[in-house]
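Quick note: numbers below take in every heavy atom, side chains included, and nothing from hydrogens, waters or symmetry partners.
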Amino acid sequence: MEEAETLQLFNAPTPAWLRNTFDAFRHADIKMLNHGLGVDSTGLTHMILDEPERFGVAPDFSDFVVVTAILGDEFEDTNQDTEKHLYGRLRSLGVRTVQVSRRGPERGDGIAILSDTRSPTRVERRGPYTLRDELLLNGTIPTAAGGHRCSMNHKAWTLDTLARQAFPGARVGKLIGYNADEARRATKSEKNNKGAFAMDYPLIRENFDRTRITRYVTERTGVAWGKSYCSFCPFSGVCASRPAHLARLRKYPHVAAQDLLLEYRAMALNPRSKLYVTETLYKRVSDDQQVQALGEFEALLEQSEWAVYHVRRAYGAARRESCQRGGHPKDCKRTACHDASAKGAVDRSVETVATGSRQLALQRLKALAAERGRPLEHDMAHPVGLERVILRYRPDKVYGTVEEFYVLAPAGIKDKEKERFPGTWDRIAEQGLIA
């Protein structure tokens, strides 16, 4: 393609730094397309299969690889639509298609290649270690405050590791399917990339916004392609409208039940851990009268092994600007240098005290209440209720404080405590100092 043609092809308004990414990308040795199973990357894949040279890819696709990071919690309709309306084209053209996931909780565990073929037929449903596995082990949920950290850990890191391991020494280019409404995300992506890969963002360059790319995919496949996101994503109201997300949960009640269990376990360890900022998933599903999902959730609770957990949490207060300007060390412990109304570092300790049936675990919790001279409380922070024995109560939004309690919840949350926790706990709980 001549340079003049390139400039005419990509004449939509774009950030200044984006204008030269195509030239860098087309000179890469290997071109990887990050296919996230959603409408944007699906549309981009079809465009490249139609006109590879237009996007800097060899006409025989010899330098082209479609890669997918499998998180394990896509809705089944997305998986099936990909198999039916995309994988057939990849097979017919012999395009190398790779699916990969994390192998374990630590980055040192590496990645697992789930599929590497030029004849793809099936989207893998999960790898050896999924995001849900991580959340269940830690008794947490993804939070809106965390941004897209889960995506960075389970998608971006996994795909970057694949690129480095599969093509050592090669200059790798990456096609990212951000649409024209997401120029800000592309700018952030390029900043984080720091030149490691030759990144290119064709949908932004071609001015395909969400409406236009959705229409293109529907016309191309005959399918109203669903959004791609984990069923328990706290941004589900952004990934899809709230009614659309609830409709998907209604279609897959077993998925909704598993997500309700995930939220319940997280709220047992921290009653503030609603899946959504202002309300629980349980309330949304209940308000939507999803009787089957609620019934399956209750069955999961009854079938589970239960545990009594000892939870301690130390909330540090943020440093005041005067402390920072005064040249004090980052780990300054002076009480006057911290603001009790501003959140600092938070450390948590979780210890499994007892396990057994729900009834046996409850009996053990009652015994602990009697031993410690504290009441057994039925906390309605979650609509089903949480059985807790509170030893130290922390007022909401007050920092430089601690909380401590025993709680009843389904078993399986791993004991966890950072090396620094005992010292932090002592400073705040016993000495009255700020961590």
Worksheet, complete the sentence: Asp181 meets the side-chain hydrogen bond (donor to acceptor under 3.5 Å, both in side chains) criterion, sequence neighbours left out, with none

Practice prompt. List for me each residue that meets salt bridge (Lys or Arg N to Asp or Glu O under 4.0 Å) alongside Glu305, sequence neighbours excluded, and say none if there are none.
Written response: none

Fill in: Set of salt bridge (Lys or Arg N to Asp or Glu O under 4.0 Å) partners for Arg364, sequence neighbours left out
Glu371

Item to complete: Could you pull out all residues at least two apart from Asp116 that satisfy salt bridge (Lys or Arg N to Asp or Glu O under 4.0 Å)?
Response: Arg96

Contacts table for residues 293-303: side-chain donor-acceptor under 3.5 angstrom, sequence neighbours left out:
| unit_1 | atom_1 | unit_2 | atom_2 | d |
| --- | --- | --- | --- | --- |
| Glu296 | OE2 | Gln292 | NE2 | 3.1 |
| Glu302 | OE2 | Arg358 | NH1 | 2.6 |

Fill in: With Ser322 via side chain to side chain contact (heavy atoms under 4.5 Å, CB included) - residues at least two apart
Arg320, Arg325

Discussion item. Just to verify, what does Arg392 make a side chain to side chain contact (heavy atoms under 4.5 Å, CB included) with, not counting sequence neighbours?
Written reply: Val402, Glu404, Trp425, Ala429

Fill in: Results of side-chain hydrogen bond (donor to acceptor under 3.5 Å, both in side chains) for Asp288 - residues two or more places apart only
Arg250, Gln290

Discussion item. Strictly by salt bridge (charged side-chain N to carboxylate O under 4.0 Å, His left out), give each pair with a member in residues 256-273 just once, sequence neighbours left out.
Written reply: Arg132-Asp259, Arg272-Asp396, Arg272-Glu403

Practice prompt. Apply side-chain hydrogen bond (donor to acceptor under 3.5 Å, both in side chains) to Arg164 and list each qualifying residue two or more places apart in sequence or on a separate chain.
Written response: none

Practice prompt. Only counting residues at least two apart or in another chain, list the ones meeting side chain to side chain contact (heavy atoms under 4.5 Å, CB included) with Thr352.
Written response: Ala307, Tyr309, Thr355, Asp415

Discussion item. Could you check whether Asp160 pairs with Lys174 (Lys NZ or Arg NE/NH1/NH2 to Asp/Glu carboxylate O, under 4.0 Å)?
Written reply: yes

Fill in: Test side-chain hydrogen bond (donor to acceptor under 3.5 Å, both in side chains) applied to Glu83 - qualifying residues, sequence neighbours left out
Arg125

